[in-house]
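Below: the structure, in structure tokens.
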There are 4 protein chains.
Amino acid sequence: MLISLQLDSEIPLYEQLRNQIVIGIATGELAAQEKLPTVRQLAEDLGINTMTVNKAYSLLKQEGYIVIDRRHGAKVSPRIQDSQGPSPQLEEQLQLIIAQATIQGMDQSRFQTLCTQIFSKMTYRPTHI
Amino acid sequence: MLISLQLDSEIPLYEQLRNQIVIGIATGELAAQEKLPTVRQLAEDLGINTMTVNKAYSLLKQEGYIVIDRRHGAKVSPRIQDSQGPSPQLEEQLQLIIAQATIQGMDQSRFQTLCTQIFSKMTYRPTHI
Amino acid sequence: MLISLQLDSEIPLYEQLRNQIVIGIATGELAAQEKLPTVRQLAEDLGINTMTVNKAYSLLKQEGYIVIDRRHGAKVSPRIQDSQGPSPQLEEQLQLIIAQATIQGMDQSRFQTLCTQIFSKMTYRPTHI
Amino acid sequence: MLISLQLDSEIPLYEQLRNQIVIGIATGELAAQEKLPTVRQLAEDLGINTMTVNKAYSLLKQEGYIVIDRRHGAKVSPRIQDSQGPSPQLEEQLQLIIAQATIQGMDQSRFQTLCTQIFSKMTYRPTHI
DNA sequence: GTGGTCTAGACCACA
DNA sequence: GTGGTCTAGACCACA
């Protein structure tokens with residue numbers, strides 16, 4: 001999986017890293033149970049500090065996207081809890097995006113098409129026990 | 001229009017303010033050409049520093065959402081440039097949201113329903129010259 | 001409020017710090033809304049790194065014990081959400097403590113007396129809205 | 001006796017193991033003098049390294065909960081020394097738990113009820129010589 | 001002036 | 001070999 005960081009972005013490095021891994025999980029580039037690179041390895045590959053990678057991994061762990069065990073490092077969570085409805089945060093973010101899209105002159109039909117395109121790349125399917 | 005800021009949020013105050021005004025424009029709560037409160041007035045109402053409001057207004061101006069003139073203060077832009085396609089930033093943000101929604105177990109149909117609900121509140125229509 | 005860290009403890013410094021602040025809130029040594037020392041100040045006072053204090057504050061914030069705003073630093077949360085019942089974690093920890101106490105030969109009556117003593121120092125009362 | 005380890009827990013495996021054995025002793029699931037599984041056996045059953053089980057057993061031995069001899073392996077101690085009063089560590093841990101319970105909105109009466117419930121499962125009685 | 005982020009480098013516990 | 005913790009020091013965004 002390819003990760004590219006923008007050093008001059010407003011978004012902190014650890015957050016960019018977190019975002020790209022979340023997308024990687026959703027698209028299936030990172031399969032469930034797949035082992036992530038070690039903190040050290042990824043830091044070296046990306047040319048950033050281990051602490052920064054550490055922070056990204058800690059965040060992902062806290063959010064339930066990955067599990068970390070001291071034996072084998074970090075892995076994509078086997079099963080991520082599916083919530084009943086949309087989280088309020090997600091809804092708020094989506095509202096802002098749609099507001100901006102609307103003002104930019106994008107109508108609902110074009111927006112839906114865009115969503116469909118993006119969805120078609122998401123191969124993650126929640127595992128129900 | 002009601003604006004509520006979360007002082008303990010991760011999102012900077014000026015950005016929260018900017019976001020709510022953008023949403024206000026999209027929903028029509030703030031009509032095109034409508035006059036915004038003065039920096040001083042809004043700062044006082046919200047109990048925050050004028051510099052913070054100033055920063056939000058500057059950002060909105062730079063993004064084309066509002067126009068500012070010395071005589072009449074800030075107003076919602078009469079017409080906001082409609083771009084040809086989705087801005088890459090918007091697409092990136094949307095991809096992240098959809099990734100998270102997917103992992104949370106939300107399928108495309110539920111997502112589309114949510115979008116439709118949000119769109120139904122957006123009354124902004126771009127003015128074509 | 002007095003904070004003393006054991007540099008040779010198994011418990012990480014940031015966690016010791018977190019624990020003592022939690023106890024300070026419960027005993028009332030730190031009142032609701034009370035301002036905590038700045039990250040820098042506390043780090044200097046304790047002779048530890050700012051990052052370590054930062055981590056403790058972040059944890060406390062995440063747990064809802066304090067709020068941090070960029071304007072005035074960290075403050076004890078005005079009102080901490082009271083949950084319906086005991087969290088499973090708390091119950092698990094308590095079970096372990098009681099197991100150890102039992103094996104050490106402490107009977108229930110002595111344990112309850114000890115609890116009563118400790119409770120008598122806790123002046124925190126949750127604010128209900 | 002059933003032991004379940006959480007591989008992704010913050011608590012080290014050897015400590016989880018130690019804790020569950022302590023609880024087992026207190027509840028009577030592990031009787032005084034009862035033979036524990038061999039290090040090798042338990043490691044295999046739990047799917048963890050023998051070193052990890054070894055570390056847990058060493059800790060339990062050091063704390064006086066079990067005795068180990070080369071011929072018969074590990075056994076629950078026939079009699080665990082009862083100390084005069086609560087160990088300072090236990091008191092500290094209890095104080096932290098009570099602080100957290102208080103802030104969560106749990107009052108003393110509910111806490112005592114919870115303690116009583118937990119105590120009712122503890123069947124360990126120290127043997128006095 | 002405040003917390004947030006990041007670095008380079010180190011040591012340690014866990015497994 | 002792995003992540004976790006900690007330091008000294010720096011720069012930056014926010015207010």
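In what follows, chains are A, B, ... by sequence order, proteins preceding strands, each numbered from 1. What you see is a predicted model; the values in this text were computed from it and never measured.
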Does any non-hydrogen side-chain atom of A:L59 lie less than 4.5 Å from one of A:Y14?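 Yes, at least one pair of side-chain atoms sits under 4.5 Å.
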Given side chains that start at C-beta, do those of C:I66 and C:K75 come closer than 4.5 Å, heavy atoms only? no
Separation between CD of A:Q20 and CG of A:L46, rounded to the nearest 0.5 Å: 8.5 Å
Measuring from atom CG of B:L42 to atom CG of B:L17, what distance do you get when rounded to the nearest 0.5 angstrom?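 That separation rounds to 5.5 Å.
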If you count every heavy atom of other residues, nucleotides or ligands that lies below 6.0 Å from D:M1 atom CE, does the total exceed 12?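 Yes, CE of D:M1 has more than 12 neighbouring heavy atoms, counting only those of other groups under 6.0 Å.
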Using a cut-off of 6.0 Å, state whether more than 12 heavy atoms not belonging to C:Q33 lie near its atom CD. yes
Give me the residues of residues 42-54 of chain A where at least one heavy atom lies under 4.0 Å from an atom of DNA chain E, by number, or none. A:I48, A:N49, A:M51, A:T52
Summary of salt bridge (charged side-chain N to carboxylate O under 4.0 Å, His left out) pairs that have at least one residue in residues 16-44 of chain A, sequence neighbours excluded: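 Output for this query lists A:R18-A:E63.
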Side chain of C:L13: nearest nucleotide among F:dT2, F:dT7, E:dC6?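 So the nucleotide nearest the side chain must be F:dT7.
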Just the rounded figure in Å: distance from [atom2] of [N] to [atom1] of [X].
{"X": "A:L5", "N": "E:dC6", "atom1": "CG", "atom2": "C1'", "value": "13 Å"}
{"X": "A:D69", "N": "F:dG3", "atom1": "CG", "atom2": "P", "value": "10 Å"}
{"X": "A:D8", "N": "E:dC6", "atom1": "CG", "atom2": "C1'", "value": "15 Å"}
{"X": "A:I68", "N": "F:dT2", "atom1": "CD1", "atom2": "C1'", "value": "11 Å"}
{"X": "C:L17", "N": "F:dT5", "atom1": "CG", "atom2": "C1'", "value": "14 Å"}
{"X": "A:K75", "N": "F:dG3", "atom1": "NZ", "atom2": "P", "value": "13 Å"}
{"X": "C:Q62", "N": "E:dG3", "atom1": "CD", "atom2": "C1'", "value": "17 Å"}
{"X": "C:Y57", "N": "F:dC6", "atom1": "OH", "atom2": "C1'", "value": "18 Å"}

The helix from E:dG1-F:dC14 to E:dC14-F:dG1: angle between its terminal axes, five pairs each, to 10°?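 Here the helix ends are tilted 30° relative to one another.
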List in chain and number order the residues that pass side chain to side chain donor-acceptor pair (under 3.5 Å) with C:Q6, two or more places apart in sequence or in another chain; answer none if no residue qualifies.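 By the side chain to side chain donor-acceptor pair (under 3.5 Å) rule, C:Q6 matches no residue at all.
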Can you name the side chain to side chain donor-acceptor pair (under 3.5 Å) partners of D:D45, sequence neighbours left out? D:Q41
Polar side-chain atom of A:T52 near backbone of A:I48 as donor-acceptor pair, under 3.5 Å: no
D:Q95 side chain vs C:I23 backbone, donor-acceptor pair below 3.5 Å: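 Here the side-chain-to-backbone pair does not exist.
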Restricting both atoms to N or O, compile the protein contacts to nucleotides 11-13 of chain F shorter than 3.5 Å, with distance only.
none

Mapping C:L7 and B:E15 to their closest nucleotides on DNA chain F, which lands nearer the 5' end? C:L7
Taking for each residue the nucleotide of DNA chain E with the nearest heavy atom, is it C:Q41 or A:I11 whose nucleotide lies nearer the 5' end?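 The residue closer to the strand's 5' end, by nearest nucleotide, is C:Q41.
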